[in-house]
Number of protein chains: 4
Amino acid sequence: MPPRLSKIERRQQLIEAALRAFGAKGFHGTQVTDIIKEAGVARGTFYLYFDSKRALFDELVEDIYQRVRAVIKPINKKDIGKIPGEILGNIERATTLLLENPLLIKIFFSDAVGLDADFDSKLREYYNLILEKIRGGLTHGQRMGIIGEGDVEILSLCLMGSLKELLYQHFLGTHKAPLKKIVEEVYRIVLHATLHPDMVKYMRKVT
Amino acid sequence: MPPRLSKIERRQQLIEAALRAFGAKGFHGTQVTDIIKEAGVARGTFYLYFDSKRALFDELVEDIYQRVRAVIKPINKKDIGKIPGEILGNIERATTLLLENPLLIKIFFSDAVGLDADFDSKLREYYNLILEKIRGGLTHGQRMGIIGEGDVEILSLCLMGSLKELLYQHFLGTHKAPLKKIVEEVYRIVLHATLHPDMVKYMRKVT
Amino acid sequence: MPPRLSKIERRQQLIEAALRAFGAKGFHGTQVTDIIKEAGVARGTFYLYFDSKRALFDELVEDIYQRVRAVIKPINKKDIGKIPGEILGNIERATTLLLENPLLIKIFFSDAVGLDADFDSKLREYYNLILEKIRGGLTHGQRMGIIGEGDVEILSLCLMGSLKELLYQHFLGTHKAPLKKIVEEVYRIVLHATLHPDMVKYMRKVT
Amino acid sequence: MPPRLSKIERRQQLIEAALRAFGAKGFHGTQVTDIIKEAGVARGTFYLYFDSKRALFDELVEDIYQRVRAVIKPINKKDIGKIPGEILGNIERATTLLLENPLLIKIFFSDAVGLDADFDSKLREYYNLILEKIRGGLTHGQRMGIIGEGDVEILSLCLMGSLKELLYQHFLGTHKAPLKKIVEEVYRIVLHATLHPDMVKYMRKVT
DNA sequence: TATGAATGAGGCTTCATTCAT
DNA sequence: TATGAATGAAGCCTCATTCAT
């Protein structure tokens with residue numbers, strides 16, 4: 001009775017159902033029953049496409065991570081004047097991606113946290129890869145005199161933490177500012193907190 | 001075998017065992033069995049002190065929250081010159097508390113997240129209360145010309161997010177800077193990101 | 001191993017296993033384990049068909065009650081001469097039903113008694129509905145001069161009590177008279193205890 | 001702190017507490033905790049006086065049984081004219097005893113039923129002893145021409161069933177007729193149902 | 001490929017009883 | 001004799017996964 005779908009479509013259908021279910025109730029709060037009801041398939045069908053509930057979740061998280069990475073472009077360090085704009089672009093694209101897919105935020109920032117030791121270390125790895133990009137940018141910027149003094153380690157954590165918090169609170173509905181506003185403000189804060197005083201002129205231009 | 005401890009001590013013993021267990025394996029990963037083994041008491045004893053595994057966890061989280069709140073002192077807004085120092089004090093005390101009790105961080109930032117809808121909303125409430133303090137301080141600061149322009153809502157989220165991230169990464173072991181260093185750096189960033197340019201002279205004094 | 005049975009059959013199989021188990025050991029003496037062993041299914045299967053051990057028991061009792069009610073027909077009060085025969089028919093049908101299903105008796109009269117306050121009040125309700133029928137019949141009979149004087153309330157309780165006791169003792173094996181004998185004798189007693197002296201001629205006819 | 005009581009008083013205190021507790025919630029619904037709270041003693045104290053919750057319950061039931069037996073006097077079969085009065089006396093005393101101690105009814109008729117196979121057979125024994133008395137009286141009465149024809153076995157079960165039902169419903173509150181009324185009516189029914197027609201004149205005298 | 005009934009290990013909680021003080 | 005903290009066997013229910021059709 002469920003319209004015959006190709007293997008890929010059926011798989012996608014299950015992934016989307018799981019996304020909604022995990023997003024709504026978290027990993028532990030979601031039962032396989034919830035997912036198959038949402039997808040409108042039988043229990044056995046689920047295991048035709050995924051090895052386990054956990055395997056599906058892992059896949060979901062990995063996918064989210066890849067999508068985030070994909071929108072973060074390396075910054076062209078040759079042209080100083082363009083750097084702020086490129087940073088801004090990265091922030092904007094990542095933020096847009098996640099804000100447009102609130103469930104991704106919920107799952108990545110909340111369900112995926114504290115699942116178990118194995119998973120936590122994988123998650124840490126993900127964050128580290130993103131952090132490295134930020135760190136790399138900052139270090140480079142300091143060497144070039146764009147970025148002001150300060151501990152790059154800590155600074156990058158603060159940047160990531162800020163972004164995570166903004167996204168998470170946005171998802172929670174506590175703070176429903178429009179995307180554009182968020183991006184602008186984050187950008188302003190980031191630059192204030194990081195830019196070398198002499199660079200403020202570039203900053204103004206962009207904002 | 002051990003009616004050696006007073007009721008209060010036994011309770012404390014269980015709380016500490018639970019703290020370790022939850023900290024190590026998260027709420028779902030921790031069985032009552034783990035807690036009682038850790039504490040060295042019988043199964044029934046656990047339920048003599050707590051209604052359920054969940055009730056104990058709730059108590060733990062509530063307790064952490066209360067301890068954090070307790071170290072955050074209201075800022076005396078009369079003496080402008082002292083404000084940065086008082087902010088610094090708050091950051092320092094909260095940070096110290098959590099860094100000295102890494103399990104608190106793990107539980108509050110990770111296990112407690114995404115547990116279920118009910119709990120999430122309670123957690124959100126907690127964060128809101130802390131956010132309100134930050135927001136209040138920033139707003140007041142702006143009116144007095146201490147804090148620069150910018151969206152207070154977003155700024156406060158960034159500040160909290162930064163702190164959370166630093167603490168969490170510290171717990172994860174990714175970033176094991178000494179307490180003093182963290183506090184200083186956070187303070188520097190916070191002020192850079194928030195202070196009105198004219199206030200920089202006060203900032204220098206403190207750092 | 002057995003997806004041999006239809007959902008309805010499996011359900012019935014479980015009901016019968018439960019009937020035997022409850023009949024043999026009472027509600028508290030019966031574990032879910034007993035029922036599933038008796039039925040030869042796995043633990044989870046039980047909960048596939050019933051919400052809980054208690055829910056199954058409730059259903060059983062409700063079902064017994066419905067079956068008893070179903071055999072008790074309203075008495076046609078137009079034809080005086082037929083009334084005794086119709087009363088006799090009701091007694092006979094109810095008695096037959098229960099004697100043929102001794103476990104029903106055990107469960108309804110014994111296991112179900114004193115289970116808890118909620119259940120007791122439901123049971124009371126059941127008995128009241130049956131009592132009302134008896135009371136109604138007696139009152140009507142008195143108005144028509146068929147039934148002799150006497151407190152209808154008390155009389156109806158005695159009638160029901162007599163029947164309950166006979167059935168229960170029959171189940172206990174204390175008194176294993178054949179069904180026909182029991183029905184006749186009950187009928188005789190009931191009529192002696194209730195009939196108006198002038199009605200004795202009708203009574204003789206039937207017996 | 002509980003006023004020093006003699007062993008016997010403390011025991012009695014526990015028995016009364018248990019009577020109330022069992023009466024209110026049944027055997028299974030009553031926890032040792034309920035009894036000791038009601039009695040105001042410590043947990044260990046309970047086991048100083050009774051081997052187990054069950055042992056206490058058994059004792060209670062045995063005691064009820066003895067008290068009922070004690071009020072049922074043998075009937076002097078010499079003087080025909082006095083027999084109805086003596087029967088009436090027995091009914092009256094037994095009824096009075098139980099109606100004055102509603103908890104006894106609840107426990108004996110409800111909690112004690114269906115407890116387990118062992119107990120059920122003991123209970124059956126009790127009832128048999130009482131039934132034997134009734135049966136004996138009826139048989140004797142038939143031989144002397146006082147009691148009419150009919151199966152004594154069945155008749156005696158009906159009598160006991162009637163009494164049990166009246167008492168039970170009285171306890172349940174469904175039927176709160178005054179003691180005197182109940183006794184009279186039962187007596188009337190019993191005699192109607194059992195007496196030889198020629199004996200009606202004696203009956204009238206007593207009522 | 002799809003179904004959904006069946007499985008059973010796993011985990012939570014209860015409560016009668018014990019025992020050190 | 002009294003206490004009450006501690007015990008742990010027992011029992012209920014859940015839910016991810018399997019498998020016969």
Side-chain angles (χ1 to χ4, degrees), chain A residues 1-2 4-7 10-11 28 30-36 40-56, chain B residues 1-7 9-11 28-36 39-55, chain C residues 1-7 9-11 14 28-36 39-55, chain D residues 1-2 4-7 10-11 28-36 40-56:
Chain A
M1 227 159 274
R4 295 273 152 118
L5 296 172
S6 76
K7 256 187 128 166
R10 171 68 32 108
R11 204 184 146 80
H28 289 289
T30 298
Q31 296 174 208
V32 172
T33 301
D34 299 322
I35 299 174
I36 61 173
V41 302
R43 193 162 290 268
T45 306
F46 179 90
Y47 289 91
L48 243 35
Y49 291 88
F50 304 97
D51 282 344
S52 66
K53 172 181 145 182
R54 177 56 186 266
L56 166 54
Chain B
M1 236 157 268
R4 230 150 258 162
L5 277 47
S6 76
K7 256 189 136 165
E9 287 170 321
R10 171 62 28 103
R11 201 184 149 82
H28 290 289
T30 299
Q31 298 172 212
V32 173
T33 302
D34 298 324
I35 300 174
I36 62 175
V41 301
R43 193 159 292 273
T45 306
F46 179 90
Y47 291 93
L48 222 50
Y49 291 88
F50 305 98
D51 282 343
S52 65
K53 177 178 122 175
R54 177 58 187 265
Chain C
M1 241 156 263
R4 230 149 261 161
L5 276 48
S6 77
K7 254 190 139 167
E9 286 170 321
R10 172 65 25 103
R11 201 185 151 81
L14 277 164
H28 290 289
T30 299
Q31 297 171 213
V32 172
T33 302
D34 298 324
I35 300 175
I36 61 175
V41 301
R43 193 161 294 274
T45 305
F46 179 90
Y47 291 94
L48 221 50
Y49 292 88
F50 306 99
D51 282 344
S52 65
K53 176 178 122 173
R54 178 56 188 266
Chain D
M1 228 158 274
R4 294 275 151 117
L5 296 172
S6 76
K7 255 186 130 167
R10 172 64 35 108
R11 205 183 144 80
H28 289 289
T30 298
Q31 297 176 208
V32 171
T33 301
D34 298 322
I35 300 175
I36 61 174
V41 301
R43 192 160 290 267
T45 307
F46 179 90
Y47 290 90
L48 244 35
Y49 291 89
F50 304 97
D51 283 344
S52 66
K53 173 181 144 182
R54 179 56 187 266
L56 166 54

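None of the values given here were measured: they were computed from a predicted structure. Labels below follow one simple rule: chain letters A, B, ... track the order of the sequence lines, proteins then strands, and each chain is numbered from 1.
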key: Protein-nucleotide distance (B/L48, atom CG; F/dG4, atom P), rounded to Å   = 13 Å
query = Tell me: CZ of A/F50 to C1' of E/dT1, nearest whole Å?
reply = 15 Å
query = Rounded to whole angstrom units, what separation is found between the CZ atom of D/R11 and the C1' atom of F/dA2?
reply = 17 Å
request  = Hunt down any stem DNA chain F takes part in, defined as 3 or more consecutive Watson-Crick or G-U pairs whose two distances are each under 3.5 Å.
outcome  = E:2-21 with F:2-21
request  = For the residue pair C/T33 and C/R43, confirm or rule out a side-chain donor-acceptor distance under 3.5 Å.
outcome  = yes
note = Value for CG (A/L48) from CZ (A/R11), rounded to nearest 0.5 Å, stands at 11.5 Å
remark   = Here the pair of heavy atoms bringing B/H28 nearest to A/H28 is CD2-CD2, 2.7 Å
inquiry  = Rounding to an integer number of Å, can you tell me how far D/D34 CG sits from E/dA16 P?
reply    = 8 Å
task = Flag the pair A/R10 / A/T45 as yes when at least one side-chain heavy-atom distance between them is below 4.5 Å, and no otherwise.
result = yes
inquiry  = What's D/Y49 touching, base or sugar-phosphate or nothing? Going by heavy atoms closer than 4.0 Å.
reply    = sugar-phosphate
ask   = What is the distance from CD1 of D/I35 to C1' of E/dA16, rounded to the nearest Å?
value = 11 Å
query = Are D/L56 and D/Y49 close enough that some pair of their side-chain heavy atoms sits under 4.5 Å apart?
reply = no
ask   = For the side chain of B/K53 and the backbone of B/I35, is there at least one donor-acceptor N/O pair under 3.5 Å apart?
value = no
Where protein sits on nucleotides 12-17 of chain F, one letter per nucleotide: B base, S sugar-phosphate only, - none, heavy atoms under 4.0 Å = SBBBSB
key: Chi angles and distances behind the side-chain contact (heavy atoms from CB on, under 4.5 Å) call for C/V41, C/L14   = CA-CA 9 Å; C/V41 301; C/L14 277 164; 4.0 Å; yes
